[in-house]
Amino acid sequence: MRKASLLIIFLTGCFGAVSSYAIEEDRVSESQMVIKQFASELKGELIVNLKEGGPINAISVCSEKASMIADRISQEKGWKIGRVSLRLRNPRNAPDVWERKALEAFEESSIKGADIKTLEYYETLNEGGKQVFRYMKAIPVGEPCLTCHGKQIEPDLKAKLKEVYPGDQAIDFSFGEIIGAFSISQSK
Ligand code: HEC
């Protein structure tokens with residue numbers, strides 16, 4: 001029953017309302033572009049910082065740099081962009097109800113063998129009388145991510161992460177698993 005309802009949510013999200021299809025299509029491709037930019041900037045910063053300062057110094061990249069890049073893009077576009085997850089490091093990145101449904105649908109699809117890189121979810125919602133287009137894209141765990149999110153985190157780094165994020169759940173990931181999603185909200 002739960003599986004069926006998630007699938008319906010996922011399908012409705014993908015096909016959206018027919019009347020606004022063309023506009024929605026533009027919004028989807030714009031969201032995809034912006035996320036590509038966000039992801040590659042963040043990954044670039046991470047790799048440079050991991051090499052130059054080591055993982056403990058790079059902790060701030062995944063936190064401060066991520067929110068700096070997100071804020072900049074949000075301002076440029078007038079959107080809200082961020083990262084959310086079901087297994088959180090920073091509670092600030094907790095999903096709302098809509099985002100949680102999408103993350104759960106991503107997990108279901110991934111269990112069924114879908115390619116995580118293709119998983120996206122979108123919908124135009126009516127929020128308090130305003131049309132809001134929301135878009136999410138799943139994030140797979142890559143090799144550099146395992147340093148801080150994997151199963152074998154160096155003891156010093158592990159201690160530091162525990163100190164900064166006492167309730168950290170964003171560990172024990174394996175390569176290729178879903179670690180979370182980028183989430184965009186565009187008000188019309
Ligand atoms: C140097 C350590 C480090 C590396 C490497 C790293 N992260 Fe993180 N990650 C963090 C920290 C610290 C946070 C908490 C960010 C915050 O405070 O907002 C975080 C948070 C996140 C979040 C937001 C959800 C949450 O749990 O708060 C996602 C998604 C994420 N990381 C994905 C990745 C991905 C994907 C990679 C590889 C491309 C990666 N991380 C590499 C340290 C790291």
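Whatever order the structure lists them in is the order used to number ligands and atoms, beginning at 1.
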Consider only side-chain N and O atoms of Ser31 and Gln186, and report whether a donor and an acceptor are under 3.5 Å apart.
yes
**Cys145 near atom 8 (Fe) of ligand 1: N/O/S under 2.8 Å** = no
Min N/O separation Lys43 to ligand 1 under 3.5 Å:
no
Closest to atom 30 (C) of ligand 1 among protein heavy atoms sits Arg83 NH1, 3.3 Å
Looking only at protein heavy atoms, what sits closest to atom 8 (Fe) of ligand 1 is His149 NE2, 2.1 Å
**Prompt:** Salt bridge check: are Glu154 and Lys158 linked by an N-O gap of less than 4.0 Å?
**Reply:** no
Ranking Asn93, Leu50, Leu88 by closest non-hydrogen atom to atom 27 (O) of ligand 1, top hit is Asn93
For Ala170, the atoms of ligand 1 under 4.0 Å from one of its heavy atoms are 26 (O)
> Would you call Lys160 and Glu163 a salt bridge, taking side-chain N to carboxylate O under 4.0 Å as the test?
Replying inline: yes
For atom 10 (C) of ligand 1, the closest protein heavy atom turns out to be Cys62 CB, 3.1 Å
**Message:** Using only atom types and a distance under 3.5 Å, with no angle test, would you say the side chain of Glu104 pairs donor to acceptor with the backbone of Lys101?
**Reply:** no
Quick note on ligand 1: atoms under 4.0 Å from a heavy atom of Pro144 include exactly 5 (C)
* Say whether Thr124 and Gln131, considering side chains only, have a donor N or O and an acceptor N or O under 3.5 Å apart. => no
Taking the six-membered ring where the residue is Trp, are the ring centres of Tyr135 and Tyr121 under 6.0 Å apart? no
Sidechain N-carboxylate O distance under 4.0 Å for Glu45, Lys65
yes
Within 4.0 Å of some non-hydrogen atom of Tyr165, the atoms of ligand 1 are 12 (C), 14 (C), 15 (C), 16 (C), 17 (O)
Counting from 1 in the order shown, the ligand 1 atoms closer than 4.0 Å to a non-hydrogen atom of Ile139 are 29 (C), 35 (C)
- Using 4.0 Å as the upper bound for N to carboxylate O, is an ion pair formed by Arg134 and Asp96? yes
At under 4.0 Å between heavy atoms, what of Leu46 touches ligand 1? The answer is side chain
Below 3.5 Å, N or O to N or O, backbone or side chain included: is there any such pair between Arg89 and ligand 1? yes
For Arg92, the atoms of ligand 1 under 4.0 Å from one of its heavy atoms are 18 (O)
Near Cys148 (heavy-atom distance under 4.0 Å), the atoms of ligand 1 are 1 (C), 2 (C), 3 (C), 4 (C), 5 (C), 42 (C), 43 (C)
Yes or no: does Ile59 have any heavy atom under 4.0 Å from an atom of ligand 1? yes
* To do: Could you verify whether a donor N or O on one side chain and an acceptor N or O on the other, from Gln169 and Arg89, lie under 3.5 Å apart?
  => no
Residues Glu30, Lys77: salt bridge by 4.0 Å N-O rule
yes
Check: Going by heavy atoms, is Pro55 under 4.0 Å from ligand 1?
Finding: yes
